[in-house]
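Scroll down for the structure; my scribbles are underneath it.
Position 1 is the first residue of the sequence, and the numbers go up from there.
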Amino acid sequence: MARQARAEITRDSVLAGAADVFLRLGYANASLSEIIAQSNVTKGALYFHFGSKEELARAVVDQGNERLVSSCQGFFDPRVPALEACIGITYVVADLSMNDPMVGAMLKLTHQIGDYRGGQGDNITKTWGDTYRLLSERAIAQGDLEPDLDAEVIGLLLQEVTAGVHITAVGTETIDQMATRMERAWYFLLPSLVPAEKLSYFREFAARRLRRYVP
């Protein structure tokens, strides 16, 4: 049991070190030697758990996605209005992109690896697209989105906006501004999505969520 616990600690150390290196250097420029140094483990310890840089990167993707899903768990409660959940999730993405290296690395690696899959073979982008679509369906049924909207189109749009804000923030080295930019995106997007009588409420809701992440 003690040996198994030590192995888990070593694996966690490798994942944490890899996340830091992938986040800082990107997948192409990250080397296993750099990851070994960052993780403070031996080469043998790394290869005991991961057979290649790609396998390690996909494990980071899985771990980061697990953390993101866990942080968003409250929004999956059916008692939470679905459009509020959509808005809330985008701010969690912004917050963890800045404050959790594992999630930040996961979001970068899904683009850089090339097929958006973790070690379990799941397409992370498709999974989150399905989440936004299901939430959009609920929001339409709840009357918070215009009734003539197509849930699949809106779900894809929300995913595209979130991903686009993240990619731009990473590319311009302004990840600390992602939450603020997310609020601006919602401000201009909401008038085309929600009934006119609900616009002021959801704009204020998006602004209140922002204040949780930006003092």
Side-chain angles (χ1 to χ4, degrees), residues 61 64-100 103-104 106-108 110-111 116 118 122-172 174-215:
V61 168
N65 191 54
E66 286 176 13
R67 291 192 187 187
L68 179 57
V69 170
S70 177
S71 295
C72 293
Q73 202 62 46
F75 295 120
F76 304 143
D77 187 327
R79 293 170 296 184
V80 176
L83 184 54
E84 292 185 8
C86 287
I87 294 171
I89 287 171
T90 63
Y91 284 115
V92 172
V93 172
D95 179 51
L96 296 185
S97 295
M98 181 172 62
N99 295 311
D100 188 326
V103 176
M106 178 271 289
L107 292 169
K108 288 184 72 172
T110 51
H111 304 299
Y116 301 89
D122 297 326
N123 186 314
I124 304 299
T125 299
K126 184 179 184 301
T127 300
W128 278 101
D130 291 341
T131 298
Y132 281 117
R133 175 181 56 78
L134 291 170
L135 288 172
S136 297
E137 287 178 356
R138 282 180 46 211
I140 291 171
Q142 292 165 353
D144 289 335
L145 290 176
E146 292 283 9
D148 59 343
L149 293 175
D150 184 319
E152 187 166 349
V153 171
I154 299 307
L156 183 60
L157 174 65
L158 298 182
Q159 184 181 22
E160 289 168 342
V161 169
T162 307
V165 171
H166 174 260
I167 290 171
T168 301
V170 171
T172 56
T174 54
I175 198 71
D176 59 318
Q177 298 176 22
M178 186 176 170
T180 301
R181 292 177 180 177
M182 205 67 249
E183 189 274 334
R184 286 291 83 190
W186 280 113
Y187 183 89
F188 290 108
L189 186 63
L190 284 168
S192 65
L193 301 179
V194 305
E197 66 273 15
K198 296 190 175 187
L199 176 59
S200 60
Y201 170 79
F202 281 107
R203 274 181 164 171
E204 178 57 27
F205 178 82
R208 289 199 311 271
R209 295 298 303 191
L210 174 64
R211 289 195 286 273
R212 294 189 176 195
Y213 304 107
V214 178

Contact list for residues 176-191, test side-chain hydrogen bond (donor to acceptor under 3.5 Å, both in side chains), sequence neighbours left out: Thr90-Trp186, Thr174-Arg181, Gln177-Arg181
Closer than 3.5 angstrom, by distance alone: can the side chain of [X] be matched with the main-chain N or O of [Y] as a donor-acceptor pair?
X	Y	value
Gln159	Trp128	no
Arg209	Glu84	no
Asp122	Ile124	no
Ser192	Leu189	yes

Report the distance from atom [atom1] of [X] to atom [atom2] of [Y], rounding to the nearest 0.5 Å.
X	Y	atom1	atom2	result
Ser71	Ile89	OG	CD1	11.0 Å
Cys86	Leu193	SG	CG	9.5 Å
Arg67	Asp100	CZ	CG	4.5 Å
Asp150	Glu137	CG	CD	9.0 Å
Phe76	Leu135	CZ	CG	7.0 Å
Arg203	Ile87	CZ	CD1	11.5 Å

Within-4.5 Å side-chain heavy-atom neighbours: Val161 and Met182: yes
Beyond-backbone contact of Leu190 with Tyr201, side-chain heavy atoms, under 4.5 angstrom: no
Listed partners of Ala179 passing side chain to side chain contact (heavy atoms under 4.5 Å, CB included), at least two apart: Tyr91, Ala94, Leu210, Tyr213, Val214
Heavy-atom pair with the smallest gap, counting every atom of [X] and [Y]:
X	Y	result
Asp144	Lys198	OD1-NZ, 2.7 Å
Ser136	Ala151	CB-O, 3.7 Å
Pro81	Arg138	C-NH2, 4.4 Å
Leu158	Thr162	O-OG1, 2.9 Å
Ala139	Leu83	CB-N, 3.9 Å
Ser97	Ile175	CB-CD1, 3.9 Å

ring-ring contact (aromatic ring centres under 6.0 Å, His included) partners of Tyr116, counting only residues at least two apart: His111
Glu152 atom CD, neighbour heavy-atom count above 12 within 6.0 Å: no
side-chain contact (heavy atoms from CB on, under 4.5 Å) between Val170 and Leu107, intermediate numbers included: CA-CA 10 Å; Val170 171; Leu107 292 169; over 6 Å; no
Basic-acidic side-chain contact under 4.0 Å: Arg211, Glu204: yes
